[in-house]
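Notes for the one structure printed next.
When a ligand or atom number is given, it counts from 1 through the structure's own listing order.
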Amino acid sequence: MSGLYIHIPYCANRCAYCAFYSSTYEGNREEYVSALCREMELRKSYLKGEPIRTIYFGGGTPSQLSVAELDGLLRHVYASFDCSSVEELTVEVNPDDVTDEYVRGLRSLSVNRISIGVQSFRDEELMLIHRRHSAQQAVEAVTCVKRNGIENISIDLMYGLPGQTLESWKESLKRAVGLDVPHVSAYSLTYEEGTRLSRLVANGDLNPVDEDACAEMFSLLRDELSSAGYVQYEISNFSKPGMESKHNSSYWNGTTYAGFGASAHSYDGVSRQWNVSNTRVYIKKTLSGECDFFEVERLNLATRYNDFVLTSLRTRQGINLSLLKLEFGLALYDYCLQNAEPFMANGSLLCDSNSLRLSGKGIFISDGIMSELMKV
Ligand code: SF4
């Protein structure tokens, strides 16, 4: 079983922290949708006939597309891939795009999961990071999605925002819990090069929240969500039991996937590839049938081992040790356990007969642990 990702690179405005590939220019939207359909035709054999389990529209802002445009894309998906076993069909939306009519339209397309970019429930924080919606609009978006019969909702939150305090973060978390959504993704703000926020910091016009405060926010996140019945099934992802994101889980357990659209990534088990991050070039090349709109990296054993360790360790299950030995051989298995030893000794990693995973203490230093286990 495989996953499909479709990238919609349009946004009504640029958020101040964003380093994703997206554009506020929508003049070529119609052509882009045609180019996506063309790419599906060109790459329909990429997954070698493997049935599709999950479909994910991400962005950018997929809710910039009309229901009719999404319908057209899905028709091409169904014509190009075996979609008889699809279990999860997700669309990311911005809160201010959500209306009763839009959600009913998504539902008519069999969309059964909505991911809402909330980020914060404090208006002053939302303004600072240039989100285009208010906290109230985010609350209304969640209730609107539920009212129209889609219960499988995820909300995205961010912590470590400029000006955010432990108190204001706690308030956002309380409001998230109060909405009783089955899934929450929460990421620490990073200052990516080229973003407005990183420029403000470089010019001394903004003070980032310090690392200790971020760690406290992460700790609060875990405590609040765990008391509300959420399971932290991946470092940044929390769900009510059984409500994990099937699509994102497939990235962490090595499932193959095909990504369509400008900047989209794909993985077929032996190589990964990524499309050009330029909508104009992407449209031109796909529509003219030129198959050089992506780059490919064939993965050697060490790279595949590193990917496996990195993604597995982020999950609650951790590294499956028998799979590690089977897939990567005794030498890399021993390498992993030897490098893990100091962390097992200080209680940051837990090891039982078949898994190696982060402890509650280790989760706070996960980056350091992962880099020690990786093969350089
Ligand atoms: S809506 Fe998402 S993709 Fe668009 S600018 Fe904001 S964070 Fe980036």
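Salt-bridge formation is detected for the pair E69/R29: a Lys NZ or Arg NE/NH1/NH2 atom is positioned less than 4.0 Å from an Asp or Glu carboxylate oxygen. A salt bridge links D97 with R132: at least one charged nitrogen is closer than 4.0 Å to a carboxylate oxygen. Taking the charged nitrogens against the carboxylate oxygens, E171 and K174 have no contact shorter than 4.0 Å, which rules out a salt bridge. Using a 4.0 Å cut-off between charged nitrogen and carboxylate oxygen, D352 and R357 count as a salt-bridge pair.
Summary of contacts: the protein heavy atom closest to atom 7 (S) of ligand 1 is Y17 OH, 3.4 Å. In terms of protein heavy-atom proximity, atom 8 (Fe) of ligand 1 is closest to C18 SG, 2.3 Å. Protein heavy atom in closest approach to atom 6 (Fe) of ligand 1: C15 SG, 2.3 Å.
Between F293 and Y282, the ring planes are perpendicular. Angles over 60° get that label, and only those under 30° would be called parallel.
A side-chain N or O of N300 and one of T303 form a donor-acceptor pair less than 3.5 Å apart.
Of all atoms in ligand 1, listed by their number and element, those nearer than 4.0 Å to a heavy atom of C11 are 1 (S), 3 (S), 4 (Fe), 5 (S). For ligand 1, the atoms sitting less than 4.0 Å from at least one non-hydrogen atom of R131 are 1 (S), 6 (Fe), 7 (S), numbered in the order shown with element in parentheses. Which parts of ligand 1 touch N13 is read off a 4.0 Å heavy-atom cut-off, strictly below it: atoms 5 (S).
One option in G60, G58, A12 has a heavy atom closer to atom 2 (Fe) of ligand 1 than any other, and that option is G60.
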